[in-house]
Number of protein chains: 2
Amino acid sequence: MGRPPKFSRAEIVAAAGRIVAAEGVARLTMRRLAREIGGTPMALYHHVRDKEELLLLLLDDHAERMPRPDLPDDPLDRIVTVAAAIRDGLADCPWIVEVLTADDLMSEAALWYVEHIVAAAVEAGLSPERAVHAYRAIWHYTAGDLIVRTAAARRLADDERPTRREEVFADLDAAAYPHLARVADRWEPLTGQDTYRRSLRALAAGLLAEG
Amino acid sequence: MGRPPKFSRAEIVAAAGRIVAAEGVARLTMRRLAREIGGTPMALYHHVRDKEELLLLLLDDHAERMPRPDLPDDPLDRIVTVAAAIRDGLADCPWIVEVLTADDLMSEAALWYVEHIVAAAVEAGLSPERAVHAYRAIWHYTAGDLIVRTAAARRLADDERPTRREEVFADLDAAAYPHLARVADRWEPLTGQDTYRRSLRALAAGLLAEG
DNA sequence: ACCTGAACACCGTTCAAGT
DNA sequence: ACCTGAACACCGTTCAAGT
């Protein structure tokens, strides 16, 4: 009994990362991954419980490599800096969406970000409970931004048909929706602008003002 | 040529809605849906382009049935009321998540909500452009809340293994993460609390305060 | 203990044919 | 025009067997 392992968990996760980076999550299948490491699909199941665990490991791996920014003294600035670091760290990997809907950004490596947002909120005067609530609001806002953003990018990438947005705005009832009609022709560029950070500051300011 | 259609788009969407309500999105497959209406998978493709379009139609159908709340005069109250109506309208259908990551809540029926949020923001003094940005921030926050919330519910439902959150908090480094350590044993109930509306108000207030 | 081969029970979608 | 049968090209995962 006992035979030198042919594959390690780390190798498997690294191979999965290569596939996802080169071809997208949709192409990360257990069969494709097995081919990548030169084994059979079944070999993978000796190192990970199932595909979901694999994706979670991939998220952990990514989270560990994410930059940890210098922390400003001002609590509001600090919250904005840390939350923006989360977003920037996840923005370039659209596959993260799949994992976000399955997990809670609760990897070990993510704790650093959570701690510093909660700490800044407490320092600004919130109770520990309210500080957790504030963190949650910021996380929901960030997750929503990432998901909507990457979904939009994906649609643009592999779709030639007109977007639903275009169709809907094309026959917009200007009498029923006057404010939308006024910005209808600018909707695409307006919603394409990256206003994450600005609105994040508004959110954080609003949350700190509560307490 | 010409034969009386056996199925209509509306029937197909209604059948899809029944499956999703009774068994969840994961069980909504083209084959299962075909069985439900008493036809073959191929018959569906004469009425919808593909599965994604079917999910979009399902979202439209749902959006049309969503309640439209009375609108308070105060712009901030109005924004909170309308956004909360979006969330409440989508909160009971976890499948919405799949569609949200594929679409942009850009169905005809959703315009009513968008219009009134943008209108309230303009009334509060924002430029039309900034009002659109404000709406987007609110939508991202709402989408993030829905996605994280329904993902958490799903995990609880079909999982007996301890959540990652539990594992991570179990061996938390209290020296490195003092603020998290202080709330660690209350994390579950704290993050389970529904603070959507309260934080939404903070967000909206922050956005309107910008000017 | 670790890996393989073959199979199970599925998917979405397309093609060619029927009425 | 609308629907069917059969097939294509996949999935994740399990079981039994090999070393």
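Treat the numbers as computed from the prediction; the structure is a model and nothing was measured. In what follows, every chain begins at residue 1, and chains take the letters A, B, ... in the order their sequences are listed.
Taking atom C1' on both nucleotides, dC11(D) is separated from dC8(C) by 12 Å, rounded to a whole Å. Rounded to a whole angstrom, the distance from the P atom of dC10(D) to that of dA9(C) is 22 Å.
With respect to the salt-bridge test (charged N to carboxylate O, under 4.0 angstrom), the residues Arg87(B) and Asp194(B) qualify. Ion pairing of Arg136(A) with Asp145(B) is absent here, as no side-chain N (NZ or NE/NH1/NH2) approaches a carboxylate O to less than 4.0 Å.
Between the side chain of Asp50(A) and the backbone N or O of Glu53(A) there is at least one donor-acceptor pair closer than 3.5 Å. One N or O on the side chain of His133(A) and one on the backbone of Leu190(B) form a donor-acceptor pair closer than 3.5 Å.
Of the residues near DNA chain D, Thr40(B) and Arg31(A), the one whose nearest nucleotide (by heavy atom distance) lies more toward the 5' end is Thr40(B).
Distances shown here put every side-chain N or O of His46(A) at or beyond 4.0 Å from the OP1 or OP2 atom of dT4(C). One finds no side-chain N or O of Lys6(A) lying less than 4.0 angstrom from the OP1 or OP2 phosphate oxygen of dC2(C). The phosphate of dC11(D) (OP1 or OP2) has a side-chain N or O of Thr29(A) nearer than 4.0 angstrom. Residue His47(B) places at least one side-chain N or O under 4.0 Å from the OP1 or OP2 atom of dC3(D).
Between Leu44(B) atom CG and dG5(D) atom C1' there is a gap of 15 Å when expressed in whole angstrom units. If you take CE of Met30(B) and C1' of dC11(D), they are 17 Å apart, rounded to a whole angstrom. Counting to the nearest Å, the C1' atom of dC11(C) and the CD atom of Glu52(B) are 17 Å from each other. Taking atom CZ on Arg35(A) and atom C1' on dC10(D), their separation rounds to 12 Å, with Å as the unit. A straight line from CD1 of Ile19(A) to P of dC11(D) spans 11 Å, rounded to a whole angstrom. At whole-Å resolution of the value, CZ in Arg27(A) and P in dA9(D) are 15 Å apart. We find that CG of Leu33(B) is positioned 13 Å from P of dC3(D), with the value rounded to whole Å. Summarising the geometry, the separation between CD1 on Ile37(A) and C1' on dC2(C) is reported as 12 Å, rounded to the nearest angstrom.
The partner of dG12(C) is dC8(D), judged by Watson-Crick or G-U wobble contacts that both fall below 3.5 Å. Searching all strands for a Watson-Crick or G-U wobble partner of dA1(C) with both distances below 3.5 Å returns dT19(D).
The side chain of Met42(B) has dC15(C) as its nearest neighbour among dC3(C), dC15(C), dC15(D).
Tested against Ile96(B), the residues Ile147(B), Leu58(B), Leu59(B) include a single side chain to side chain contact (heavy atoms under 4.5 Å, CB included) partner, Leu59(B).
As judged by a 4.0 angstrom heavy-atom cut-off over every strand, Phe7(A) is placed among residues touching the sugar-phosphate backbone only.
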